[in-house]
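Written out below as C-alpha cells is the structure these notes cover.
The analysis underlying the following values was restricted to heavy atoms, covering all of them including side chains, and did not include hydrogens, waters or symmetry mates. All figures in this text were calculated on a predicted structure; none of them were measured in a lab. The sequence lines fix the lettering, A, B, ..., with proteins before strands; numbering per chain opens at 1.
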There are 2 protein chains.
Amino acid sequence: MSRNKERGMHKVAEILRSAGIRPTAQRIAIAQYVLREADHPTAEDVKAHLDRVFPMVSTATVYNTLNALVEHGLIRAIKFPHADAAIYDQKMHHHYHFLDEPSGRLYDVDPADVQVKPQLGATCEITEVDVLIRGRLIDPGLSGPSTTVSPT
Amino acid sequence: MSRNKERGMHKVAEILRSAGIRPTAQRIAIAQYVLREADHPTAEDVKAHLDRVFPMVSTATVYNTLNALVEHGLIRAIKFPHADAAIYDQKMHHHYHFLDEPSGRLYDVDPADVQVKPQLGATCEITEVDVLIRGRLIDPGLSGPSTTVSPT
DNA sequence: AAGACAATTTAGAATAGTTCTAAAACTTGA
DNA sequence: TCAAGTTTTAGAACTATTCTAAATTGTCTT
C-alpha cells in the first residue's frame, strides 16, 4: 500500500514534469488527489483532503497549483450555475454533465449520448457547446455506473 | 414620452401586484428596468441604471427586489461559467443562450433551433437541460437579429 | 559545501458578488 | 392618528478567489 502510493506519486511527479510543472511535494500531493483520487472536487475539498494527508499547505498554494494544472492542460476548472465554487475535472475529453439534484452529485455524460445540433444559420461560428442536464437518478442504489451516466 | 413612461410604470405596478409583490416606488423602478428596458443585466447594471433615474436605492434593495421578482416567477437569475455575477433574464420561456466570446454579449437561442436528445437510459429522470453555445458572431454589422440568434 | 539567485510557499490582506443585521422610514387599516 | 407590519437603508459579514510581500526552499556554480 505504501509502495502503491509511492509508485502513484512517482507517476504523478512525472506527469507534472512532462507538463512543464516542477514537481514539489505540495504539487505532487495536490495533483495526486485531483488527478487520481477525487471526484469533481472544489478547491475547498482539495484543501480539506490535503490537511488530512499532508503536513502543511496553504490555501494560496492549493489555488496556485490548481491554476497551474489548468494552465498546463492537466485538468479543467468548471463553474456550474447551481454552486459558487469552481469544480476541477480531470477528464480532459469533451463531455457534458448530469446533475442529480437531490444529492448535488455530478456525473459525466458521454457526448455521444446527447445529440446537440444547433441550427443557428451562417451568421455565427460555434467554438463549444456546454450542456448541463439536471434531474434525478431514479435508482442510485444500483451500484455500478450505467453505460450512459457514469459517476466520476 | 413622459406619458409613455407613466403608462409603462403603471403597467409594471400591475404586474408586480398581480404577482403578489407590493409595488413600491423602488420596486417599480427596478422592475420597469429589468422587465422592459434591460438586456441580460447584472445586479450591478440595475444599480447603475437606478442611480441615474431614481433618487435613491440601496444595493440591498436592488438584490431584495431582484430576488423577489425571481421568487414570484417574473424573471430568472442565471449564472454563466464565464462570469461571476448573475444575470437576470425577463424571458421566462424555456430557451438557451449563445455567448459571443469577442464581445461577451449574450443572445437568446430558440430551443427549436437546438436539438438536444439525451439518451441516458431509464435510470434517471430529466427535469431541465441547460445549453450554452459559445462562439463568435460572424457578421454583427448586419443590424437585425437573424431568425435564429436574436439579441435580447 | 557555500553563496547567490530564482522559484515556491506562506499568512494574511484585498477583492467581488451577494446576503445579513438592526435600525430608520414608510404604509396600512382601524 | 396610532400601532403593527413592511420596506428600505448603511454598513457589516460572508464566500470564493486572488494578490502581496516576506520567508523558505531549491538549484547552480564553483
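The separation between I87(B) atom CD1 and dG17(C) atom P is 14 Å, rounded to whole Å. Whole-Å rounding puts the M56(B) CE to dT9(D) P distance at 7 Å. dA16(D) atom P lies 6 Å from atom CD of E44(A), rounded to whole Å. The separation between I28(A) atom CD1 and dG26(D) atom C1' is 14 Å, rounded to whole Å. The distance from atom OH of Y88(A) to atom C1' of dA16(D) is 10 Å, rounded to the nearest whole Å. The nearest whole Å value for the distance from the CZ atom in F54(B) to the C1' atom in dT9(D) is 13 Å. Put simply, CD on Q26(B) is 17 Å from P on dT6(D), counting in whole angstrom units. Following rounding to the nearest Å, Y63(B) (OH) and dG17(C) (P) show an atom-to-atom distance of 7 Å.
Side-chain atoms of N64(B) and T61(B) include no donor-acceptor pair closer than 3.5 Å. No hydrogens or angles considered: nothing links the side chains of H97(B) and D130(B) as a donor-acceptor pair under 3.5 Å. At a cut-off of 3.5 Å, with distance as the only test, no side-chain donor of H40(A) or D45(A) sits close to an acceptor on the other residue.
L66(A) is not connected to M56(A) by any chain of hydrophobic side-chain contacts under 4.5 Å among Ile, Leu, Val, Met, Phe, Trp and Tyr, and they are in different clusters.
In summary, R136(B) and E101(B) do not engage in a salt bridge, as defined by a charged side-chain N under 4.0 Å from a carboxylate O. Looking at D84(B) and K79(A), a side-chain N of the basic residue comes within less than 4.0 Å of a carboxylate O on the acidic one, giving a salt bridge.
Not one side-chain nitrogen or oxygen of S58(A) sits closer than 4.0 Å to the OP1 or OP2 atom of dT9(C).
Distance from the side chain of R27(B) is smallest to dT8(D) among dT18(C), dT8(D), dT10(C). Candidate nucleotides dT19(C), dT10(C), dT18(D) were compared by shortest atom distance to the side chain of N67(B), and dT19(C) ranks first.
Ring geometry for H94(A) versus Y96(A): interplanar angle over 60°, hence perpendicular rather than tilted (30 to 60°).
Across all strands, A85(B) comes closer than 4.0 Å only to sugar-phosphate atoms, never to a base (heavy-atom distances).
Within residues 16-24 of chain B, the residues approached by DNA chain D to less than 4.0 Å at the level of any non-hydrogen atom are R22(B), T24(B), in residue-number order.
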